[in-house]
Student: 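Okay, here's the structure, questions in a sec.
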Amino acid sequence: MNGSSLWFPPQGSTYAADQDALYYFVYYCSIVLFVLVVGAILYFAIKYRRRGAATRTDGRDHNLAIEITWTVIPTIVVMIIFVWGFRDFLERFVVPHDAMEIKVTGQRWFWTFDYPEGANSVNELVVPSGRPIKLLMSSKDVLHSFFIPDMRMKMDVLPNRYTVTWFEPVGTGEGNIFCTEYCGKGHSEMIGRYRVVSEKEYADWMEKSTSGEGMSLEEFGAKLYVSKACKTCHSVDGSKNTGPSFQGIFGTPVLLKNGQTVNIDENYLRQSILDPQSQVVAGYEPVMPTFQGVLKDRQLDALIAYIKSLQNK
Ligand code: CUA
């Protein structure tokens, strides 16, 4: 990442340079106009200052050439700014089709990121360099606003609806993520970090996150139960849902649709996750998708450990 200046942080995204250029165009136009207008005021103030008794000048009050000049030139400048700005606006708001989608959740006072590979992270957004990243954002409580200055990207994050934005990081590097909508007493501490890494580093990081490193199997399983959406169909409080509840099932016999009764052990759970249709429990529809190839071994172990842990809860 480069392009940092006195005025701006580094240009971290593909559209940063163009946005900065537009900013500078408006900025330098303003300086030129300021000098012209203030210069003219000073010039006339001095040239036509009161000297002795007031005398009227020659009563001239109209000059077509000057009128046309100061109408046409500013109009052209404004049109340039409009077209340029509108083009950048479209670029900023139309998400490329091949973008990788990350779910961003704001809540008092931290950010959560959910990745397509199933991992999630808190207050740390990790993205591979050179790929467009789509951010699908919502809030769990009040208004927040997601701002990465280096990417020149800022978007409100609202409860009860999604907002979408995107950026394509260039190079690698890291920097701050700020909340720019006052959201309560922790607002100023709602600071995250982003890291743009190589594809290889991203894959390694993803591998580490999805293997639940540093977590016990039970803890990791409890996390997967939510992130892999087991929760949608299987309760942990004994209530019947689309699928049977996980509560207290381990070690108990279960009647299957095909009339067999089997004991729920580790292998039964493993097979139910990888090949759900092979042993549908009586009274339920065979609607569960297979998780073959979706879950890694340690994830399977973790889910099974989690289900085992639900014996007396
Ligand atoms: Cu969240 Cu300010």
Side-chain angles (χ1 to χ4, degrees), residues 1 3-16 19-20 22-23 26 85 88-89 91-96 99-129 131-170 172-197 202 205-206 209-210 214-215 219 222-223 226-227 229 231:
M1 274 174 217
S4 84
S5 63
L6 182 64
W7 292 90
F8 285 120
Q11 294 169 337
S13 66
T14 47
Y15 51 58
Q19 284 193 28
D20 292 359
L22 177 55
Y23 171 86
V26 174
D88 282 5
F89 174 84
E91 196 191 357
R92 283 273 278 99
F93 284 87
V94 179
V95 182
M100 169 179 143
E101 184 175 307
I102 295 174
K103 175 71 183 41
V104 178
T105 307
Q107 57 187 300
R108 292 183 288 187
W109 284 278
F110 59 95
W111 302 102
T112 308
F113 304 101
D114 285 279
Y115 300 82
E117 294 87 345
N120 52 56
S121 59
V122 173
N123 277 344
E124 188 192 36
L125 174 65
V126 179
V127 292
S129 177
R131 251 207 273 177
I133 310 293
K134 172 184 173 181
L135 301 177
L136 180 66
M137 310 199 285
S138 63
S139 163
K140 279 199 175 161
D141 38 50
V142 298
L143 289 180
H144 302 276
S145 185
F146 189 80
F147 182 32
I148 307 183
D150 298 349
M151 302 298 164
R152 309 293 188 270
M153 189 221 75
K154 175 155 67 176
M155 179 58 81
D156 282 358
V157 178
L158 316 175
N160 303 323
R161 70 167 295 175
Y162 295 115
T163 47
V164 171
T165 188
W166 78 280
F167 65 95
E168 183 177 330
V170 283
T172 56
E174 55 184 278
N176 285 322
I177 299 170
F178 296 110
C179 177
T180 51
E181 183 74 48
Y182 184 69
C183 54
K185 73 178 171 59
H187 163 71
S188 60
E189 278 135 55
M190 196 168 166
I191 299 173
R193 295 284 289 173
Y194 78 83
R195 275 202 297 135
V196 181
V197 296
Y202 178 75
W205 178 82
M206 190 49 67
S209 314
T210 52
M215 264 186 268
E219 283 169 352
K223 201 177 144 193
V226 177
S227 66
K231 193 177 191 259

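All ligand and atom numbering here is 1-based and tracks the order in the structure. Keep in mind that this is a model prediction, so the values were computed, not measured.
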Student: Please list, one pair per line, the donor and acceptor atoms closer than 3.5 Å that link side chains of residues 101-113 to other protein atoms, with sequence neighbours excluded.
Tutor:
from: Glu101; atom 1: OE1; to: Lys134; atom 2: NZ; distance (Å): 3.3
from: Lys103; atom 1: NZ; to: Thr105; atom 2: OG1; distance (Å): 3.2
from: Lys103; atom 1: NZ; to: Ser138; atom 2: OG; distance (Å): 2.8
from: Trp109; atom 1: NE1; to: Cys183; atom 2: O; distance (Å): 3.3

Student: Using a cut-off of strictly less than 2.8 Å, determine whether His187 has an N/O/S atom near atom 1 (Cu) of ligand 1.
Tutor: no
Student: Calculate the angle formed at atom 1 (Cu) of ligand 1 by SD in Met190 and SG in Cys183; 10° precision is enough.
Tutor: 110°
Student: With a cut-off of 2.8 Å, does Tyr182 place any N/O/S atom under that distance from atom 1 (Cu) of ligand 1?
Tutor: no
Student: Give the ring-plane orientation class for Trp7 versus Tyr23, where under 30° counts as parallel, over 60° as perpendicular and anything between as tilted.
Tutor: tilted
Student: Is any side-chain heavy atom of Arg195 closer than 4.5 Å to a side-chain heavy atom of Tyr202?
Tutor: no
Student: Please report the shortest heavy-atom distance between Pro128 and Ile133, naming the atom on each side.
Tutor: CD-CD1, 4.1 Å
Student: When the ring planes of Trp205 and Tyr115 are compared, do they come out parallel, tilted or perpendicular, using 30° and 60° as the limits?
Tutor: perpendicular
Student: If you consider just the N/O/S atoms, which atom of His144 is the closest one to atom 1 (Cu) of ligand 1?
Tutor: ND1
Student: Rounded to 10°, how big is the angle at atom 2 (Cu) of ligand 1 from Glu181 O to Cys179 SG?
Tutor: 100°
